[in-house]
Amino acid sequence: MAEGGRRLGWRAYLLLALSALALFLPGRMRLPPVDRDEARYAQATRQMLETKDFVQVRFQDQPRNLQPVGVYWLEAASVSLFSKPEARQIWAYRVPSLIAAVAAVLLTAWIGDMLFGAEAGIGAALLLAMSALLSFESRMAKIDACLLATILTAQATLLRAYLDRLKAGRLNAVVFWTAIGVGLLLKGPIILIVSGSTTLVLVATDRKAAWLKRLHAGWGVLVALAVAMPWFVAIGIKTHGAFFDKAVRQNLLGKIGRGEQHHGLPPGYYLLAFNLTFWPGALAAVFAAPWAWRHRALREVRFLAAWVAPTWLMYEIIGTKLPHYVLPLYPALACLGAAAALAKDGWRGGTLERGLAALYGVLWLGVGTLLASLGAYLFWRYMHRLDPIAVGMAAVSVGLLVAALVLAARGARGRALAATGVAALIVYAGLYDYALPSLTPIWLGPRIAALAARNQPCPNSVLASTRFAEPSLVFLNRNETRLIDPASAADLLAHDRVCAMAIVSAKQMAAFMGRAAQDGVKPEPIGRIDGTSYSTGEKLSLTLFRAAPATGPVPLPGR
């Protein structure tokens with residue numbers, strides 16, 4: 001195992017950062033806002049900048065009391081530096097996730113280097129950078145990549161304190177507790193769950209707690225509180241405690257006991273999803289399992305096991321399950337996968353183990369083939385054509401994956417990793433930079449916003465949307481957007497006959513027209529959009545209306 005702490009030089013970190021950027025950058029500028037969480041985060045951040053209220057988070061006129069404010073501050077800072085709120089450029093809101101994802105890759109290299117040496121650090125970092133889940137989260141204006149980087153900072157400094165040969169000092173403790181404070185501002189107690197469970201398991205298995213003194217908890221807790229507490233006090237006062245009721249009692253505790261937001265799934269979900277979300281690194285992690293078991297007495301392996309096992313089990317047990325919940329555990333699995341791949345006895349085994357490994361290799365190749373073919377399938381599904389570029393990229397990717405398996409079987413694991421990395425790059429670039437942005441029928445929010453902008457009768461026209469009630473439209477539309485029912489949309493046209501617009505689905509046309517007739521207003525169609533809402537899978541035919549020319553606004557009919 002590695003001795004003497006970090007051995008990777010700045011050139012290695014620079015190359016890792018460039019490799020991560022190559023994997024994470026494609027598609028960031030072209031991919032429209034993704035419903036639904038990303039658009040909610042972006043819209044809430046835009047409102048924060050417009051209202052200058054940096055304490056309470058809101059989506060339209062509703063408080064968004066789900067998580068703390070940290071990620072909104074980061075996105076607000078990014079937009080202030082690189083764009084303007086009125087520009088509605090989603091890429092500016094995604095910058096914190098990009099920076100955090102690259103930082104997570106570098107921190108994984110640092111941790112792997114401390115545990116198993118420089119080569120393992122590089123391998124672990126690349127396995128994390130290639131993972132399908134981090135590839136997605138790095139492109140989203142959401143919280144999870146930022147949380148991952150913060151948790152990794154805490155875990156890296158915790159590891160320094162645990163490995164006494166590294167002589168962790170007071171600065172290490174300051175960084176640890178600062179990361180805890182930042183984590184609390186990002187997603188409440190999640191960082192405590194990961195670092196806390198790691199610590200408790202290590203103390204229980206080692207039957208030693210003296211190393212905890214290196215964390216200087218006496219004053220370190222005060223550092224964490226100094227970072228996080230001012231905002232928690234401010235939001236408690238401003239909302240009269242409503243934030244804590246919603247965020248803790250309803251959101252956090254509700255997810256533990258039941259499946260919130262239709263995401264309840266049985267135990268074993270994360271184990272199954274792991275084959276996709278940690279692809280292609282899942283192959284190395286699965287092959288590392290026997291090696292990790294044989295070397296479970298090593299402190300380095302125990303640290304990683306303590307990092308993964310308790311939190312993974314907790315997430316398998318709780319009611320609500322979303323793929324990104326276990327993302328903070330993937331760097332530990334990447335470290336184990338890289339260490340086993342480099343170890344002389346890493347991938348050895350008898351006939352049975354080799355047979356199981358071959359079967360999993362087939363499964364891994366199947367998952368990779370599905371991902372590589374996803375772009376071509378989406379073109380066929382939504383554009384009704386077989387796109388030759390998407391098919392070609394899929395063929396090249398699958399060929400590289402087959403070559404990677406052959407190289408790994410022959411013991412050329414470095415070359416296998418390189419082939420896999422190139423395949424992952426082609427897969428992600430093809431999906432995020434080519435296929436998804438080209439699927440015009442599924443991007444209804446941008447199309448509706450563009451149609452409304454071309455036809456708005458007034459500079460401040462209000463747009464009512466009935467069936468299509470996605471946050472992306474709220475974020476992208478230039479003016480106020482109201483997500484309301486058909487009757488209320490007709491009332492809006494009656495109330496503001498000069499400026500108001502309404503976009504109504506064919507399924508709700510009868511209700512809309514019936515109410516408009518009662519209100520004495522004649523809706524005039526000015527544009528139509530057909531497509532599919534990828535959030536619900538529903539095919540929609542949407543017509544944009546404004547009131548037929550009249551003398552001016554009339555009072556809203558009394559009811």
Side-chain angles (χ1 to χ4, degrees), residues 5-6 54-57 67-78 96-97 99-104 106-108 110-111 114 143-203 206 208-238 243-244 247-248 252 303 306-307 310-311 327-329 331-332:
R6 183 177 56 177
F54 293 98
V55 174
Q56 186 168 25
V57 180
Q67 297 99 12
V69 75
V71 73
Y72 302 98
W73 285 351
L74 293 174
E75 291 183 10
S78 174
S97 291
I99 295 173
V102 174
L106 301 183
L107 286 163
T108 300
W110 187 33
I111 292 171
M114 282 193 285
I143 196 170
D144 301 290
C146 297
L147 180 65
L148 173 64
T150 307
I151 290 176
L152 278 171
T153 302
Q155 292 297 92
T157 49
L158 181 67
L159 175 61
R160 284 183 62 85
Y162 179 64
L163 299 178
D164 55 351
R165 64 174 179 267
L166 295 173
K167 298 180 180 179
R170 290 179 181 270
L171 179 59
N172 188 73
V174 170
V175 175
F176 173 80
W177 291 108
T178 301
I180 295 295
V182 173
L184 291 172
L185 277 177
L186 285 170
K187 208 167 185 179
I190 302 303
I191 192 168
L192 297 177
I193 292 172
V194 178
S195 293
S197 63
T198 303
T199 302
L200 290 175
V201 171
L202 288 173
V203 170
D206 292 359
K208 294 179 182 178
W211 62 273
L212 293 177
K213 294 179 181 179
R214 303 186 190 103
L215 294 176
H216 300 282
W219 53 261
V221 172
L222 298 178
V223 172
L225 292 177
V227 173
M229 193 55 64
W231 178 82
F232 282 104
V233 172
I235 193 64
I237 294 172
K238 186 159 188 172
F243 171 82
F244 298 102
V248 178
L252 179 61
F303 180 87
W307 181 347
T311 305
L327 179 60
L329 311 182

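Rounded to the nearest 0.5 angstrom, Arg214 CZ and Leu163 CG are separated by 9.0 Å. Interatomic distance, Trp231 CH2 to Phe54 CZ, rounded to the nearest 0.5 Å: 14.5 Å. One distance of note links NE2 of His216 with CG of Leu222; it measures 13.5 Å at 0.5 Å rounding. From Leu327, atom CG reaches atom CG of Leu147 across 8.5 Å, with rounding to the nearest 0.5 Å.
In this structure, the salt bridge (charged side-chain N to carboxylate O under 4.0 Å, His left out) partners of Lys238, at least two apart in sequence or on a different chain, are Asp53. Residues passing the side chain to side chain contact (heavy atoms under 4.5 Å, CB included) test with Ala224 are Trp177, Ile180, sequence neighbours excluded. In this structure Phe176 satisfies the ring pair (Phe, Tyr, Trp, His ring centres under 6.0 Å) test with no other residue, sequence neighbours excluded. Taking Ser195 as the reference, Gln155 meet the side chain to side chain donor-acceptor pair (under 3.5 Å) condition, with sequence neighbours excluded. Under the side chain to side chain contact (heavy atoms under 4.5 Å, CB included) criterion, Thr199 pairs with Leu158, Val203, Trp211, Leu212, sequence neighbours left out. Scanning for side chain to side chain donor-acceptor pair (under 3.5 Å) contacts around Thr150 gives an empty result, with sequence neighbours left out. In this structure Ser197 satisfies the side chain to side chain donor-acceptor pair (under 3.5 Å) test together with Thr311, sequence neighbours excluded. Taking the side chain to side chain contact (heavy atoms under 4.5 Å, CB included) definition, one finds that Thr108 meets it with Ala124, Leu128, Leu152, Pro331, Cys335, sequence neighbours left out. Ala156 pairs by the side chain to side chain contact (heavy atoms under 4.5 Å, CB included) definition with Trp110, Ile111, Met114, not counting sequence neighbours.
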Criterion side chain to side chain contact (heavy atoms under 4.5 Å, CB included) on Leu107 and Leu148, from CA distance to verdict
CA-CA 10 Å; Leu107 286 163; Leu148 173 64; over 6 Å; no
Run the side chain to side chain contact (heavy atoms under 4.5 Å, CB included) check on Leu186 and Gln67 step by step: do they pass?
CA-CA 7 Å; Leu186 285 170; Gln67 297 99 12; over 6 Å; no
Start with the C-alpha distance between Tyr162 and Thr198, add both sets of side-chain angles, then the distance that settles side chain to side chain contact (heavy atoms under 4.5 Å, CB included), and finish with yes or no.
CA-CA 11 Å; Tyr162 179 64; Thr198 303; over 6 Å; no
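The closest side-chain heavy-atom distance from Phe232 to Leu225 is not below 4.5 Å.
Minimum heavy-atom separation, Cys146 to Ser97: SG-N, 4.2 Å. The nearest pair of heavy atoms linking Ile191 to Ala154 is CD1-CB, 4.1 Å. Nearest heavy atom pair, residue Leu215 against residue Ala173, reads O-CB, 3.4 Å.
Below 30°, between 30° and 60°, or above 60°: for Trp307 and Phe303 the angle between ring planes is above 60°, a perpendicular geometry.
For the pair Ser78 (side chain) and Leu74 (backbone), a donor-acceptor distance under 3.5 Å is absent.
Under the salt bridge (charged side-chain N to carboxylate O under 4.0 Å, His left out) criterion, the residue pairs touching residues 143-159 are Lys142-Asp144, Asp144-Lys187, with sequence neighbours excluded.
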